[in-house]
4 protein chains.
Amino acid sequence: MAGNSFGTLFRITTAGESHGPANVVIIDGVPPGLALEEADLIPDLQRRRPGQSKLTTQRQEADAPRILSGVFEGKTTGTSIAVLFENNDQRSRDYSDIKDKYRPGHADYTFDAKYGLRDYRGGGRSSARETVARVAAGAIAKKLLAERCGVRVLGYVKQVGDITADISDPAAVTLDQVEANPVRCPDAAAAEKMTALIEKVRAEQDSIGGVSELVAVGVPAGWGEPVFDKLRADIAKAMFSLPAVMGVEFGAGFAVARSRGTDNNDVFTTDGDRIVTATNRHGGMLGGISSGMPIVLRCAIKPTSSLSQPQQTVTRDGQPTTISTKGRHDPCLLPRFVPMGEAMLAITLADHYLRHKAQCG
Amino acid sequence: MAGNSFGTLFRITTAGESHGPANVVIIDGVPPGLALEEADLIPDLQRRRPGQSKLTTQRQEADAPRILSGVFEGKTTGTSIAVLFENNDQRSRDYSDIKDKYRPGHADYTFDAKYGLRDYRGGGRSSARETVARVAAGAIAKKLLAERCGVRVLGYVKQVGDITADISDPAAVTLDQVEANPVRCPDAAAAEKMTALIEKVRAEQDSIGGVSELVAVGVPAGWGEPVFDKLRADIAKAMFSLPAVMGVEFGAGFAVARSRGTDNNDVFTTDGDRIVTATNRHGGMLGGISSGMPIVLRCAIKPTSSLSQPQQTVTRDGQPTTISTKGRHDPCLLPRFVPMGEAMLAITLADHYLRHKAQCG
Amino acid sequence: MAGNSFGTLFRITTAGESHGPANVVIIDGVPPGLALEEADLIPDLQRRRPGQSKLTTQRQEADAPRILSGVFEGKTTGTSIAVLFENNDQRSRDYSDIKDKYRPGHADYTFDAKYGLRDYRGGGRSSARETVARVAAGAIAKKLLAERCGVRVLGYVKQVGDITADISDPAAVTLDQVEANPVRCPDAAAAEKMTALIEKVRAEQDSIGGVSELVAVGVPAGWGEPVFDKLRADIAKAMFSLPAVMGVEFGAGFAVARSRGTDNNDVFTTDGDRIVTATNRHGGMLGGISSGMPIVLRCAIKPTSSLSQPQQTVTRDGQPTTISTKGRHDPCLLPRFVPMGEAMLAITLADHYLRHKAQCG
Amino acid sequence: MAGNSFGTLFRITTAGESHGPANVVIIDGVPPGLALEEADLIPDLQRRRPGQSKLTTQRQEADAPRILSGVFEGKTTGTSIAVLFENNDQRSRDYSDIKDKYRPGHADYTFDAKYGLRDYRGGGRSSARETVARVAAGAIAKKLLAERCGVRVLGYVKQVGDITADISDPAAVTLDQVEANPVRCPDAAAAEKMTALIEKVRAEQDSIGGVSELVAVGVPAGWGEPVFDKLRADIAKAMFSLPAVMGVEFGAGFAVARSRGTDNNDVFTTDGDRIVTATNRHGGMLGGISSGMPIVLRCAIKPTSSLSQPQQTVTRDGQPTTISTKGRHDPCLLPRFVPMGEAMLAITLADHYLRHKAQCG
């Protein structure tokens, strides 16, 4: 099936380049009767928006969503919902520098290799601009999950460079804590250090990587599929489909490599009537199916590839040259990754909610 | 789409439980004219087979593949290929202990929560027995990739517990090096220590986790899709669909969290006529599309959940109890994970090879 | 997605050639807890079986289904169900005649054109042998529809040559009426004439076409999708995926070409509490969604292409020659089409039942 | 998969209601390097447009396409193409009459039954307005087929009421012949009678059905799939997904019911080097795969359901009432069906072109 769609029943399809006229997303499979208006999409779009703080790029995008279909008298109708974003900030520029040079870490070369040509303006289809569509769709998925299932999806910054936040219980973190600082780290002390580090890196015309942790609370036991469409497999695909993600781990993650079965197994016990595990090293899924425990995962995000200092590269013809990507870039992608990661997690969960309802509901 | 299928054009569909009569895989989309016979499937099936060494479970499965369709006069016909595995070792046992108790780390509880019932014999559909189907399909994918594209797929054990292999160039590792020892680690010194550790852990009725590294050499620049079906996203889904995988990382992986753009970017240069990157921290894909550099990834595998020593758990009714999973289990999943990981990597690459050929060939 | 699968949630995947070792179907998405055993598949398989009466081919196939997975202690588990049919009647024959000649009306030439080679034994993958897999899956779909939704699916022969059955109410026809004669026509008088015509045609070494009518009773209003996956579109695809189908029409069908809106519209009225239409020229679906009225459609089936009298054709090299397809062929495909058509209708309805439940249930 | 998408590799996804702000289509899988601009979409959009002649509704829609993505410097980039149509003619009206009444022949009742609510303005998502998106995508598919494969797709009106056009060779009909009269019938004499009939029917506040014939010339032997995704199955689904289609037949169609094998089989012969059939009763496909002969099919279109004279119906509460659908409706859908049918045929062929290239190219 085509590569610009994601999901089986709750399914999104996107189009649009960073410097084209508009970006658009079609969301298919949304149940009817969900209250929805454009204002519901704004908060997460604001969190994704460039220029929201001194830690992010100062590029300005209005990101005003326009719902074109699928909503009538304030409610979803069950038919496909299209959301349009006009790209107002597409002033004419001089792209001659990047037209024939390959920016390190970007998809310029691989697009040329695949398609034989590319929209070289600001990354074209490979730009993070494309995620505006996902965040809008994610806001709808979140609303569906919250209102129909009591599920809450939240992300935050866990690590920037060598600064790691101290989060005792991922499931207890609140949106207010996350939004309390521009770096989106609920550990205020760590957030301050992260901010200082990001500013230092920016001053040095460099960039820095990090880790975002994402949590879904309230997912009942039973969502997911046991073989290829394991819930963790679909969530991982969702995350790796976002720009700059180099690693994904669930629960104990890569630490399991060093652990023993006696330490790593989460034993079953009860919490009132509910069967639960005493610990959550499994990250909320067993055998690809949700266990009722919080779903917890982490994504490793590489440092921004665009640097204003010169980097070595080659031209389309293979001639050595240097390139410095001028303009406004995030010195650290993490703060803006948080709403993108939340959106993809929510979309994946909404899809599996519907899939589970179809077969076992 | 249904959860027992994987892939878009090169597509596999599987069925079968660990203790049911048989396992079967249908492989759709294989190009016509590929030489194929059952003997082509045997080597990887032998590598996956239980009981192959003292490091793995001593359970015996013949794993004799029977090709039911799609091959005529020694060549693929282009129609769907079915491969059948009769499960000979399904002697009647006493399952009363695991019937009503939830094994920690297994999918017993989540299956009950999802379906309301489960095949409790040896894990049923969630058993690693299911991967016999994948490994057979993977052998076909490998043959297609090798003969039509010159692509070679190989995996090995990179880490067991705190012992890490020293591999200077993942792309230079050979199958012979990997198969030189039962732990499947091409670093002979590390392999020896890993073996000792696994035997110690087994003696202690415990299990141990690890990391497997997988490499695809020869993938041309241009395979993959730029948005949701990024090559790394589909590979990651493939890996996380295998049992016990808790983390996946590409190239520099989680280490990017600590790195700067100036360090992490792989600059473009040339190798003769070819445009290449000087380093390969990006792991062979940029923007979801292969760069022509080796594809390199690592999977974190948890320690086997089945332990012969007693563990706390609850019954279906939530009553506290203990369980010790008798029988023959791998103390470390890593050696047998290698062919499974290779199979899923090869299947994903074969699918993207066909997808690329369709649109851009 | 791959061409050997059908359906979105209730999804079947098949493999097998007419003269290969076996045919197999994997059925994905069946809800858990449905009582199922091999005996449930037998009745429809018997109706599809060659050699069942003097009107059909005398070829003998045992068609004994073997359930390999997805059923435990007599109930579906929710995991994929595989059903295997060993092809016992694959004695070695002399295929030299059809190996290099193209049988008129068959897929010999088009397979060669597509794949460059073909399994020339008895039609290979394009043989109606493949429908044994569909009929088995259809029996499961019928059981699901009957037990969970109260839906009944039935087909019969409406026309053979110029003999047309008189059926006043398609929704009132019973299985007993259909099975009362080997031609499967519930109008006993017409059935007698059809039988005589088929025997006459057979004696003349010829074949004859016909029309089968299919009915689904009890489908509630609301199944289906409004745009591309209209219920009638998916049903039509299901029918045209069967061998020899040249036309499909719903309700009034092609007769609408001659009719006026005032005559053709079915006005809405009530039947007790239910909103119904006074007539059913629309065939049970409006705008792609079921209306609660019986679903009624007809399929035009061409006369068997295999003839024992010589026909002109060419060899693979384009040399003129003649061919007479020896062996045992149905002089009229209609009686055996009935269970195939029912199976595909049931599978399509089961899929839309699950899809509707997912979004609107 | 979601019901607002069609196709596997060449895949379209649509959104939009008749009286919502806009309609949009995303076209995925278009090969890169195809010359494309908005002007390429205009001719077919003009042919679909309401108000184009006295035979169609006088409603005015500008139908100006705006390409939002996937085209750069006049060429397709290989990424998803979005085309937007603003709905300018959505003036506020009084819908109180149709809000609570069910129009016979329309999807009002079935939408309410499915979703529990509906956009009652002018048909909402079930309106033929939705086909504007398909026709735009079809124009791209036609261009791809013409430029890369030499395939030409054309439709025309074959029958209106009891007037049938005399077309000796469907493959020889030209676009000029079709567009020579507003009824789109290449038989000028029949066209005149059809026009008179349609005007008479309109004067009588009634509507009339008909048949459209569609032809694809130049499709090479080998496109299609042998089992579920038979080329004729996918084409039939495409046709039945259009509004008002009640029957589809290929080649000899329903006439096969009356014919014998000796008459119906198309014998193979040669035309120069090419293997061809002497006749084309099979309609250009054998066993689901194109034979190299022209693809020929016919669609039966019901008379417009909307009538300005009063019809009996019920309200949402089941109370008897009457309704007369005021406004501007086509008295005969056939002339405007032609570009819609062509579009869906072209989209299906483009998809199978890519699928064939992937596996066998």
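Below, chain A is the first sequence line, B the second, and so on; all start at residue 1. Predicted model only: the values in this text are computed from it and were never measured.
Of the atoms belonging to C/S290, it is backbone heavy atoms, and not side-chain ones, that fall under 4.5 Å from chain D. At a 4.5 Å heavy-atom cutoff, C/M239 makes no contact with chain D through either its backbone or its side chain. Heavy atoms of C/L307 lying under 4.5 Å from chain D belong exclusively to its side chain. For C/R274, no part lies near chain D; criterion is any non-hydrogen pair under 4.5 Å. Residue contact with chain D, scored on non-hydrogen atoms closer than 4.5 Å, involves the backbone of C/D266 exclusively. Using a 4.5 Å cut-off between heavy atoms, C/Q319 does not touch chain D at all. C/A244 touches chain D through its backbone: at least one of N, CA, C or O sits under 4.5 Å from a heavy atom, while the side chain does not. Looking at C/E130, only its side chain comes within 4.5 Å of chain D, counting heavy atoms on both sides. With a threshold of 4.5 angstrom between heavy atoms, C/T315 approaches chain D through N, CA, C or O but not through any side-chain atom. C/L242 touches chain D through its backbone: at least one of N, CA, C or O sits under 4.5 Å from a heavy atom, while the side chain does not.
Closest heavy-atom contact between D/A107 and C/L286: CB-O, 3.9 Å. Across every non-hydrogen atom of D/Y109 and C/A221, the tightest pair is OH-CB, 3.9 Å. Across all their heavy atoms, D/V227 and C/R134 have their closest contact at CG1-NH2, 3.5 Å. The two residues D/F254 and C/E249 come nearest to each other via the heavy atoms CZ-CG, 3.4 Å. Taking both residues in full, the closest heavy atoms of D/Y115 and C/E225 are given as OH-OE1, 4.5 Å, listed atom of the first, atom of the second, then distance. When all heavy atoms are compared, the tightest approach of D/A252 to C/M246 is N-CE, 4.5 Å.
Taking CZ from D/F228 and CD1 from C/I347, the interatomic distance works out to 7.0 Å, rounded to the nearest 0.5 Å. If you take NZ on C/K237 and OG on D/S241, they are separated by 12.0 Å, rounding to the nearest 0.5 Å. Residue D/K302 holds its NZ atom at 11.0 Å from CZ of C/R281, rounded to the nearest 0.5 Å. Here D/N265 contributes atom CG and C/Q311 contributes atom CD; the two are 4.5 Å apart, rounded to the nearest 0.5 Å. Interatomic distance, CG of C/D229 versus OG of D/S5, reported as 8.5 Å (0.5 Å rounding).
Heavy-atom pairs under 4.5 Å with chain C were tallied for D/A300, D/S291, D/A257, D/G222; the largest tally goes to D/A257. Note: C/I275 leads C/I275, C/V314, C/T270 in heavy-atom pairs under 4.5 Å with chain D. Most heavy-atom pairs under 4.5 Å with chain D: of the set C/G253, C/G287, C/S126, C/P243, this distinction falls to C/G253. Counting heavy-atom pairs closer than 4.5 Å to chain D, the top residue among C/A233, C/G251, C/A278, C/P226 is C/A233. For the set C/Q309, C/H106, C/M285, C/H356, the entry with the most heavy-atom pairs within less than 4.5 Å of chain D is C/H356. For the options C/A113, C/G105, C/G116, C/P104, heavy-atom pairs under 4.5 Å to chain D are most numerous at C/P104. Taking D/I289, D/I163, D/V201, D/D162 one by one and counting their heavy-atom pairs under 4.5 Å with chain C, the maximum is reached by D/I289. The choice from D/G288, D/G161, D/G318, D/C299 that makes the most heavy-atom pairs within less than 4.5 Å of chain C is D/G161. Per-residue heavy-atom pair counts under 4.5 Å with chain C were compared for D/N4, D/V160, D/T14, D/T110, and the maximum is reached by D/T110. Note: C/G224 leads C/P320, C/G292, C/G224 in heavy-atom pairs under 4.5 Å with chain D. Taking chain C as the reference chain and counting heavy-atom pairs below 4.5 Å, the highest number among D/C360, D/A238, D/S259 is found for D/S259.
The backbone N or O of C/V245 sits less than 3.5 Å from a side-chain atom of D/R232, completing a donor-acceptor pair. Judged by distance alone, with hydrogens and angles left aside, the side-chain atoms of C/N264 form no donor-acceptor pair with the main-chain N or O of D/P303 at under 3.5 Å. Within the 3.5 Å criterion, the main-chain N or O of D/R260 finds no donor-acceptor partner in the side chain of C/D206.
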Run D/R258 and C/Q159 through side chain to side chain contact (heavy atoms under 4.5 Å, CB included) and show every step you take. CA-CA 9 Å; D/R258 292 191 145 76; C/Q159 181 185 347; 3.1 Å; yes

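Annotation for D/E204: atom CD counts as buried by contact number, over 12 foreign heavy atoms lying within 6.0 Å.
Ring planes of D/F240 and C/F250: perpendicular class, angle over 60° (limits at 30 and 60°).
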